[in-house]
Amino acid sequence: MRISARELLGQLLDSDSFISWDRPSVTVAVSPRYRADLHKAELAAGTDEAVLTGEGLLRGRRVAVIACEFGFLAGSIGVAAAERIVSAVERATELGLPLVASPTSGGTRMQEGTIAFVQMVKIAGAVAVHKAAGHPYLVYLRNPTMGGVFASWGSLGHITFAEPDALIGFLGPRVYKALYGRDFPEGVQVAENLYRSGVIDGVLPVSVFRRIAHRALSVLSGVPDPVAAGPGWAAPVRKTANAAADVPAWESVQISRRPGRPGIRDLLRHVTQRVPLSGTGQGESDRTMVHALARFRGQPCIVFGHDRAGQQGEHTMGPAALREARRSMALAQELRLPLVLVIDTVGAALSKEAEERGLAPEIARCIADLVTLDTPTVSVLLGQGTGGGALALLPADRVLAATHGWLAPLPPEGASAIVYRDTDHAPELADAQGIRATDLLADGVVDRIVPEFPDAADEPVDFARRMVAAIAEELTGLRARPIDEIRASRHTRYRRLGRP
């Protein structure tokens, strides 16, 4: 059963809140046969075109909406439909409204030929302007979404979800079989497979998407929530000295590797309005990473970081993880939101595939993107910080470290193997290299140490709440500063590293 445009709007928006923006369709030169097809489509679908546009309330929040109607010539987009879509996007931009689009379409309207085909350029351009203005663009793909629609405005969402079991792809199965004489492989052009492949962020019914969209728009509004930031939330910080800060570096390394140590997922259990994201949006996904929208004590942000639970043996972060990191950076910049990065990695992947797919260049691009990003950034050294995989998420306006967090070019065992040709000298190298949080604080790499009493693995909930509160404080401070000042300060900070 396909959901009609009106059914979609009824399930997505608050009751009786939809206001149509649609005007009579522009006149298109048509043949008598095509005119008859349009008349039949209007009677069958109960709409005058393949798309409905307007505005409404989504859990009380004003949003602009675009919904395709598959019942009108398979939701195909011609000149009139494209003009309606572009007009709605431009109006949403002018009004400063977030835009929720729900395509379902066979693609370009063949009856209108090439002029219909190139309408996708016009639509994509309007969406790009809307996003460049800092306004959210959310996409919910319905069954089916194919061809030029998927290859333009259907794939430009800041976040993108899809209807369960929806057929989604570029070249339709019927066209593929006609061209190549065989069936398209099963299970490829299905929403669930695209989610697993890192093309979309999730698969869920409209009722759940409504809740997710509400949470996302709460974060993407960029407005702090003073209620969530009220007093009495964070775990109390003890006033006694934190003796664990003076433990040997090798002991901190061993503590950071304890199985029960809280990771990024533990932090996210103590935030609000969390919306998990997935993949690069370009067909890659790395399950050693976590990506989300969230509020830290009311402060909205994009969150991205290493998932210690997903790193096992040689299964560590690869190039896709770094391309996903760059997606988080692009989202933060486009939406004018702060970016929080969490470092907790045993190191980047060492493999033939990682080398051939550009691991080192992606590390370089992440670093370059971060030092020039036009939005506030906070980096958190939560546990292990090994190699380029850690360095790629480090450059930020404020860097926090847990007491037993550490940062090194290699794990101490690896450094020992290079210097002494054995691993026996790992404790000695750990001390000599200045990898501890306290050493990093003295060297200006870290700005603040969030204490463990004496070990986060022994107090996972209290530590997670303490770290979330510390991140929130840093976000609050950064929000009060002009971005030009933040950018200049960041440049000076990293220019001075290592200088007396």
Nearest heavy-atom neighbours spanning [X] and [Y]:
| X | Y | value |
| --- | --- | --- |
| A162 | A191 | CB-CB, 3.8 Å |
| P411 | R257 | CB-NH2, 3.9 Å |
| G157 | V139 | CA-CG2, 3.7 Å |
| A402 | A437 | O-CB, 3.5 Å |
| V63 | L97 | C-CD1, 4.4 Å |
| F161 | V203 | CD2-N, 4.4 Å |

Side chain to side chain contact (heavy atoms under 4.5 Å, CB included) assessment of M289 paired with S278: CA-CA 9 Å; M289 313 303 288; S278 178; over 6 Å; no
With sequence neighbours excluded, residues passing side-chain contact (heavy atoms from CB on, under 4.5 Å) with S221: R61, V223, R295
Which residues share a side-chain contact (heavy atoms from CB on, under 4.5 Å) with D447, sequence neighbours left out: R398, V399, R493
Is there a donor-acceptor pair under 3.5 Å between the side chain of [X] and the backbone N or O of [Y]?
| X | Y | answer |
| --- | --- | --- |
| S256 | G383 | no |
| S218 | H214 | no |
| T372 | A368 | yes |
| D443 | V445 | no |
| R308 | Q384 | no |
| R142 | S102 | yes |
| T108 | G148 | no |
| R336 | E334 | yes |
| T160 | L156 | no |
| R466 | P451 | yes |

Once you round to the nearest 0.5 Å, how far does [atom1] of [X] lie from [atom2] of [Y]?
| X | Y | atom1 | atom2 | answer |
| --- | --- | --- | --- | --- |
| E428 | Q433 | CD | CD | 10.5 Å |
| L391 | L407 | CG | CG | 6.5 Å |
| S252 | D455 | OG | CG | 9.0 Å |
| E324 | E284 | CD | CD | 9.5 Å |
| I367 | L393 | CD1 | CG | 9.5 Å |
| L99 | L217 | CG | CG | 10.0 Å |

Partners meeting ring pair (Phe, Tyr, Trp, His ring centres under 6.0 Å) with Y140 (sequence neighbours left out): F209
Partners meeting ring pair (Phe, Tyr, Trp, His ring centres under 6.0 Å) with Y176 (sequence neighbours left out): Y180, F184
Pairs where residues 419-451 contributes a residue and the test ring-ring contact (aromatic ring centres under 6.0 Å, His included) is met, not counting sequence neighbours: Y420-H425
Pairs satisfying ring-ring contact (aromatic ring centres under 6.0 Å, His included), at least one member in residues 292-312, at least two apart: H291-F304
With sequence neighbours left out, what residues match [X] under salt bridge (Lys or Arg N to Asp or Glu O under 4.0 Å)?
| X | result |
| --- | --- |
| D458 | R258 |
| E353 | none |
| D397 | R490 |
| R448 | E473, E474 |

Residue pair S152, Q119: steps toward the side chain to side chain contact (heavy atoms under 4.5 Å, CB included) verdict: CA-CA 10 Å; S152 58; Q119 297 299 305; over 6 Å; no
Test log, rule side chain to side chain donor-acceptor pair (under 3.5 Å), inputs D422 and S416: CA-CA 6 Å; D422 62 41; S416 178; 3.3 Å; yes
Can you check whether [X] reaches [Y] side chain to side chain, under 4.5 Å on heavy atoms?
| X | Y | answer |
| --- | --- | --- |
| L335 | P136 | yes |
| V175 | F170 | no |
| I255 | T403 | no |
| S351 | R357 | no |
| E452 | R261 | yes |
| L400 | M467 | yes |
| L331 | L337 | no |
| S328 | L339 | yes |

Of all pairs that satisfy salt bridge (Lys or Arg N to Asp or Glu O under 4.0 Å), the ones with a partner from residues 368-392, not counting sequence neighbours: R326-D369, D374-R487
Stepwise side chain to side chain contact (heavy atoms under 4.5 Å, CB included) check, V149 with M120: CA-CA 7 Å; V149 171; M120 300 307 167; 3.8 Å; yes
Side chain to side chain donor-acceptor pair (under 3.5 Å) partners of residues 191-206, not counting sequence neighbours, each pair once: D201-R327
L322 vs R365, side chain to side chain contact (heavy atoms under 4.5 Å, CB included): CA-CA, chis, key distance, verdict: CA-CA 9 Å; L322 296 163; R365 293 184 189 108; over 6 Å; no
E186 atom CD: more than 12 heavy-atom contacts under 6.0 Å: no
Geometric class of the H130/Y137 ring pair [parallel <30°, tilted 30-60°, perpendicular >60°]: perpendicular
SB check R287 D307 (cutoff 4.0 Å): no
